Amino acid sequence: AVEDAAPVERDAEGRPSATGSTEARHVRFQVVGAVDAPDAQVQAVHRVVRGLIPTLLDCRRRASRRYSPNGRIEVDLRVARSGRARARSRRSSVRDARGPRCVVRALQRQRFDGAAAGRTKVFIEFDDRQTEPSATPEEGAGGEEGAGAPGAASPEPSPAPGEEPAGASE
């Protein structure tokens, strides 16, 4: 576990925080500790939240059943020395309540290590923006301009030299 500790930054008020996201940034998260919280606490909570990415993607999917899942969920997290957690959603801009409920349940089901003990805030942000699909070699990854997405309707073929484009005749 070489890259196990997330970089922790301190805001202007001295609160430690660490962030993370999925590669496509459909789910982003931030763990924020109290002013006097040690970096190790934020890193321990961050490790657990990072491990929950598949579950958080499922929560995002649940939140998108009726509406766009876009939004931010603020969760107050209290971790006991035993590793048991109590989570409560404080604010949410996600329209479907299934998203925040799923996030809270996911956090409460986790076992945290002793370094995570204390209070933290966890912010989860869902985003439904589509990312550009990466082309595979068969799909023209050579960077050809105008290469269509797989399965997309192809444009009209160019006319042969000396022919008029389709629809140009009178």
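Owing to the predicted nature of the structure, the values given are computational and were not obtained by experimental measurement. Along the sequence shown, residues carry numbers from 1.
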Arg15: salt bridge (Lys or Arg N to Asp or Glu O under 4.0 Å) partners, not counting sequence neighbours: Asp11, Glu13
Other ILVMFWY residues reachable from Val32 by side-chain steps of under 4.5 Å: Phe123
Atom CD of Gln108: over 12 foreign heavy atoms under 6.0 Å: yes
Within the distance-only criterion (no hydrogens, no angle test), does the side chain of [X] pair as donor or acceptor with the backbone N or O of [Y] below 3.5 angstrom?
X     : Y      : value
Asn70 : Asp128 : yes
Gln43 : Ala6   : yes
Glu9  : Ala18  : no

Which residues pass the side chain to side chain donor-acceptor pair (under 3.5 Å) test with [X], sequence neighbours left out?
X      : result
Glu23  : none
Ser93  : none
Arg98  : Asp96
Glu125 : Arg28

Pairwise side-chain contact, Gln41 with Thr120, heavy-atom cut-off 4.5 Å (strictly under): yes
Lys121 side chain near Leu77 side chain, heavy-atom distance below 4.5 Å: no
Working for side chain to side chain contact (heavy atoms under 4.5 Å, CB included), residues Asp127 and Val27: CA-CA 6 Å; Asp127 190 344; Val27 173; over 6 Å; no
Side chain to side chain contact (heavy atoms under 4.5 Å, CB included) involving Asp36 - partner list, sequence neighbours excluded: Ala34
What pair of heavy atoms forms the shortest contact from [X] to [Y], and how long is it?
X     : Y      : answer
Val79 : Phe112 : CG1-CB, 3.6 Å
Val8  : Pro16  : CG1-CB, 3.6 Å
Val94 : Pro69  : CG2-O, 3.8 Å

Rounded distance [0.5 Å steps], CZ in Arg101 versus OG in Ser92: 11.0 Å
Pi-cation contact, Phe126 with Arg60 (under 6.0 Å, within 45°): no
From Ile73, Val103, Thr22, residue fulfilling side chain to side chain contact (heavy atoms under 4.5 Å, CB included) relative to Leu56: Val103
Evaluation steps, side chain to side chain contact (heavy atoms under 4.5 Å, CB included), between Leu107 and Val49: CA-CA 8 Å; Leu107 286 166; Val49 176; 4.0 Å; yes
Residue pair Asp39, Arg10: steps toward the salt bridge (Lys or Arg N to Asp or Glu O under 4.0 Å) verdict: CA-CA 9 Å; Asp39 289 1; Arg10 297 225 171 224; 2.9 Å; yes
Residue pairs, two or more places apart or on separate chains, that pass salt bridge (charged side-chain N to carboxylate O under 4.0 Å, His left out) and touch residues 80-90: Asp76-Arg90
Within residues 107-120 or reaching into it, pairs that qualify as salt bridge (charged side-chain N to carboxylate O under 4.0 Å, His left out) - sequence neighbours excluded: Arg47-Asp113
Trace of the side chain to side chain contact (heavy atoms under 4.5 Å, CB included) decision for Gln30 with Val122: CA-CA 6 Å; Gln30 180 181 26; Val122 179; over 6 Å; no
Partner residues of Phe29 under the ring-ring contact (aromatic ring centres under 6.0 Å, His included) criterion, sequence neighbours left out: His46
Disulfide (SG to SG under 2.5 Å) pairs, two or more places apart, involving residues 35-129: Cys59-Cys102
